[in-house]
Asker: 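The following block contains the structure, expressed as structure tokens.
Atoms within a ligand are numbered from 1 in the order they appear, just like the ligands themselves.
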Amino acid sequence: MSSGFRIDNLRCEYLSNPLGLDERKPRLSYTLECGRRGAKQVSRRIQVASTEEALELVTADLWDSGTVQSEVVSQIEYEGKALGSRDRCFWRVLVEDELGHSHISPVAMWTMGLLGKEAWLSKWIAADPEVIERDEEATVPTLKDCGTPTQFRKSFPVNGAPARATLYVTARGLVEVELDGKRVGKDLLAPEWTDYDTRIHCRTYDVTDLISGAGQSAIGVILGDGWWSGYVGWQETRARYGDLQNSFSAQLEIEYEGGKVETICTDSTWRCETGPILSSDFMMGESYDARREHDGWSLPDFDDAGWLSSLEVETPAVELCSQRSEPVRIIETIEPLSKNEIEPGVFIFDIGQNISGWARLKVRQPRGTRIQIRFGEKLKPDGTLYTENLRLAKSTDVYICKGDGEELWQPRFTFHGFQYIEVTGLAEPEEGSCVTACVIHSGTPPAGEFKCSNPDVTRLWKNGLWSQKDNFLSVPTDCPQRDERLGWMGDAQIFLRTATYNMDVAGFFTKWMVDVEDAQTEEGIFPDTAPRLREGENFIGLDDLIGGAAWADAGIIIPHTIWRVYGDTRMVESHWQAMTAWLDYLERTNPNYLRLNDLRNNYGDWLCIPSDREFRTHSPMKNLLATAYWASDAAMMAEMARSLGKNAEAERFEETFEKVKAAFQSEFVNEDGSMTVETQTAYLLALAMNLLPEELRDAAAARLVENIYKLDWHLSTGFVGIRFLNPVLTEAGYPEVAYKLLLQDTYPSWLYPVKHGATTIWERWNGWTEEDGFFEPTMNSFNHYSLGSVGEWLYSHVAGIELDHTACGFSKAKLKPYPCQGLDWVEASYRSVNGLYKSSWRLSDETWNWDFTIPANASATVWVPAAEEETVESEGLDLLEKRDGWLLYEAVSGSYQISVQRSAMRAAGKVAT
Ligand code: BGC
């Protein structure tokens, strides 16, 4: 064995040791960590066994792949014995490297869940409405009409310590479970959001260690509203996605030594009662009266004689499925930076960061003290909380003290978007801070980091990352604060590439793409939001919220991106029909290959700055945008089809692309390369999506630059154009213009909000301006990620870490940074599914120094901005070719240092100034 070679990050279906999968052929992956140049895998052997011990035997009992000569380390499909309900699978991989040394990974595992309806023995139960009706306090909600969570319990005999105990739980609503007084798992807001008409998640927990095993045990469940029956979207009433009756089903399987299994199932013998949570809702907040706690309610000896029997309700006729993404958790906590008593008894805490989550309260107050906690993203000039932009969301938590010393509390079934916390109602002064902010979101693993010599640019990158964290909560939402929080498709697709750099979002989008397909109409129309918004009593109706250009097209963009970034061909295969149905629909409704029909609630270049507003609402721009996206969909389909060997379909989509492109040119492109609609976004789409005749590309790019110049080097795009702005400028030969826009800090620009204290990306360029203060509160979130999609360019063009499009999954990269005068140094890293890439450069008067790392088992084409080899100091790189003032090298895994003379870069026309 050679030292320094490690097999790491063992994952099954993108998750670390997942429980309760329903995928019968799960895919395995791992990474190789080794600093040695050229380190790679020559062969691998995967072993899967039903016990950890069996792995040590010569042949693993579930699957032994045998030695496979291959460099592939991800998307490896399990090909062993057929897996059934409850199977446990322990696995490891044996790798032989290029020196002939062998390496063994640590052991990882996954388990299978309850597969098929027969395995699910439990009834679905709901609270007897009587428990609420007889409870005076629960029927008088403090804030607005919200649901009152209810508690359920059941005690049962146990025959000694279990060998293994597994809990399966699902709900229409949200559950938190306790066993013998201890919380089960750390998941929050479970089960997560799905298209409830089609499927509901089931969560699986290993609870072996929670069962005391001494004669009698008990299970307790708190059931709240969440997406099923609470407020979601801009509505006046609850239950837009489900109905007002919350229900759940749980199955606890206790296995003893010797194989005997006892199963505890939900049924009407479970007892129910209201408890301390008076009301709870995502938008409205949670009210909790600690005096109403039922001490020991999930312990076996609790007296539940006064509780009522549960109601058995009909089992939903939809699929119960395993959650494919990382659960929502408390990811970190933040202590306030300051506390300010703005008027007697009104305390404002600033946590220094706009987050999604809640405040954990720690107080010592007399019994009955009613503490109110409110949340806001901003303060008004007089120092009070700015809550107008929350619209109908009250975002108010209330805690009533029981008064027995120090009390620690946090809500369960709500979350807020905020940087400031207002606390009122304290009867006694509290020393220091009585709140800690808890950041909650889906636990997508961190993947990338970026920093540079300009702290505002570093902050801009960080703001994008924070908006991602704050909005990736079960689905990619638009915002975490106001009465909306929907899975808007346009926002998600615009930011997706940035998101993949910041975090490993493969599991997250695997889950969400299922929601997207579930929301597709029978005619093949993808929705604008997923899960799809049901008909509501106000605002737009269901029929408008489908098929939006650049929104619905996410149905193609997501699989295409996940395929490219993670090498995930299964995502493409499993959504192929849905994607084809969408392309069929576009062709059916637009026979002349301009996308003009059925555009419904067409958003255009949403929230482009006011001076371009006329273009947004003006139909030629909308038609241009819609047609461009259609062409791009067809191109992506053709590319995926080719790669998957679907050649006839590839040809069909290539043809569609050509037809749409031709129609686009005749309708929107003038002979001199100008466009019929003079907006930055029109040029950006035409250039990015390859819709111009080759000979007009330069002229179009020059017009784009002229447009930017006329605006005194300012951008004017909305959500849609912004993603393409800097990548297109850079690749069209104007990196210096891209950097000018990056470093611009007067309105409108990326750095304008940063200069004015933004800690997340704002929804609008003019969310707040020096001239006008806050924009109208009707639509003014300070935490929408779309305008932060420049993050992609920071990684791919500034640091220069980009996919090599000839190889999916970053097994090969294109390392091509564009150094620029305005930044002295840049440092970035990106953990791909094939391992960790790094790139950092420093510009001095004399030289440009670049250090980069290619992970073991990967390779890269390295682009050095110089024309002549003699001006470059490098070691271990083989020159491939010279192209347009770049030297191209082929590099194997390992770390490299390169130094280029500035004069040589200037000669090659390569340092942006
Ligand atoms: C959301 C957006 C979304 C849009 C659709 C808004 O209310 O917050 O981000 O994409 O509606 O135009």
Side-chain angles (χ1 to χ4, degrees), residues 231-236 240 282-283 354 356 377 388-393 417 463-464 467-468 470-473 475-496 498-499 512 515-516 519 525-533 536 538-555 557-558 599-610 612-613 615-617 619 621-622 625-626 629 681 717-723 753 760-767 775-789:
Y231 295 90
V232 189
W234 49 85
Q235 84 259 39
E236 296 278 1
R240 188 75 163 268
F282 284 161
M283 307 291 155
N354 199 8
S356 116
E377 293 182 287
E388 285 77 351
N389 67 337
L390 305 181
R391 303 194 305 217
L392 295 175
N463 289 358
S467 281
Q468 175 171 349
D470 297 343
N471 280 297
F472 277 29
L473 199 152
V475 307
T477 61
D478 55 339
C479 54
Q481 77 295 80
R482 70 176 175 226
D483 61 345
E484 192 146 357
R485 312 188 199 181
L486 296 169
W488 282 103
M489 303 260 287
D491 310 37
Q493 67 87 358
I494 282 296
F495 190 75
L496 176 57
T498 302
W512 194 53
D515 300 334
V516 170
I525 313 176
F526 279 126
D528 298 353
T529 63
R532 189 164 124 203
L533 205 61
N538 51 4
F539 205 66
I540 30 191
L542 171 68
D543 281 350
D544 289 323
L545 285 168
I546 52 175
W551 267 249
D553 300 284
I557 299 165
I558 298 163
L599 290 177
R600 294 190 174 76
N601 193 38
N602 191 355
Y603 312 101
D605 190 16
W606 185 245
L607 303 188
C608 56
I609 60 155
D612 268 9
R613 183 171 270 188
F615 289 114
R616 192 179 75 68
T617 45
S619 62
M621 179 57 200
K622 289 186 168 188
L625 185 151
Y629 263 88
T681 297
T717 78
F719 276 28
V720 175
I722 195 65
R723 176 191 168 193
T760 39
I761 303 291
W762 295 354
E763 177 175 26
R764 302 176 168 276
W765 296 116
N766 57 343
F775 188 82
E776 292 155 30
T778 44
M779 213 185 82
N780 194 23
S781 141
F782 291 94
N783 207 351
H784 257 64
Y785 43 65
S786 298
L787 301 179
S789 55

Asker: Could you give me the CA-CA distance, side-chain angles and deciding distance for Asp491 and Trp551, then say whether side chain to side chain contact (heavy atoms under 4.5 Å, CB included) is met?
Answerer: CA-CA 8 Å; Asp491 310 37; Trp551 267 249; 3.7 Å; yes

Asker: Which ligand 1 atoms are under 4.0 Å away from a heavy-atom of Phe719?
Answerer: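 Here the atoms of ligand 1 in question are 9 (O).
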
Asker: Please report which non-hydrogen protein atom sits nearest to atom 6 (C) of ligand 1, along with the residue it belongs to and the distance in Å to one decimal place.
Answerer: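 Answer for atom 6 (C) of ligand 1: Glu484 OE2, 3.3 Å.
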
Asker: Using the rule given for side chain to side chain contact (heavy atoms under 4.5 Å, CB included), can you reason through Ile558 versus Trp512, listing the C-alpha separation, both sets of side-chain angles and the distance that settles it, and then say yes or no?
Answerer: CA-CA 9 Å; Ile558 298 163; Trp512 194 53; 3.5 Å; yes

Asker: Is there a heavy atom of Arg485 sitting under 4.0 angstrom from any atom of ligand 1?
Answerer: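 Per 4.0 Å heavy-atom rule, Arg485 does not contact ligand 1.
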
Asker: Evaluate side chain to side chain contact (heavy atoms under 4.5 Å, CB included) for Phe495 paired with Asn471, printing each intermediate quantity in order.
Answerer: CA-CA 11 Å; Phe495 190 75; Asn471 280 297; over 6 Å; no

Asker: Between the side chains of Gln481 and Ser781, does any donor sit under 3.5 Å from an acceptor?
Answerer: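 Looking only at side-chain atoms, Ser781 and Gln481 do form a donor-acceptor pair, the distance falling under 3.5 Å.
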
Asker: So for Trp234, does at least one of its heavy atoms come nearer than 4.0 angstrom to any atom of ligand 1?
Answerer: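 For ligand 1, residue contact (heavy atoms, under 4.0 Å) with Trp234 is absent.
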
Asker: Report the relative orientation of the aromatic rings in Trp488 and Tyr603; use parallel for angles under 30°, tilted for 30 to 60°, perpendicular for over 60°.
Answerer: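 Rings of Trp488 and Tyr603: perpendicular, over 60°.
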
Asker: Give me the residue, atom name and distance of the protein heavy atom closest to atom 9 (O) of ligand 1.
Answerer: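 Ranking protein heavy atoms by distance from atom 9 (O) of ligand 1, first comes Asp491 OD2, 2.5 Å.
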
Asker: Quick one: CE on Met283 to CG on Asp483, what's the gap to the nearest 0.5 Å?
Answerer: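 Reported value, rounded in 0.5 Å steps: 6.5 Å.
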
Asker: As an exercise, identify every atom of ligand 1 less than 4.0 angstrom from a heavy atom of Glu763.
Answerer: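 Checking each atom against Glu763, I get 8 (O).
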
Asker: Any atoms of ligand 1 less than 4.0 Å from a non-hydrogen atom of Trp606? List them with their elements.
Answerer: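 By the 4.0 Å cutoff, the relevant atoms are 2 (C), 4 (C), 11 (O), 12 (O).
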
Asker: Kindly determine whether Arg485 and Leu473 satisfy side chain to side chain contact (heavy atoms under 4.5 Å, CB included), including the steps that lead there.
Answerer: CA-CA 9 Å; Arg485 312 188 199 181; Leu473 199 152; over 6 Å; no

Asker: Does Met489 have a heavy atom less than 4.0 Å from any atom of ligand 1?
Answerer: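 It does not; every heavy atom stays at 4.0 Å or beyond.
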
Asker: Between Tyr603 and ligand 1, does any nitrogen or oxygen pair lie at a separation below 3.5 Å?
Answerer: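 No; every N/O pair is 3.5 Å or more apart.
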
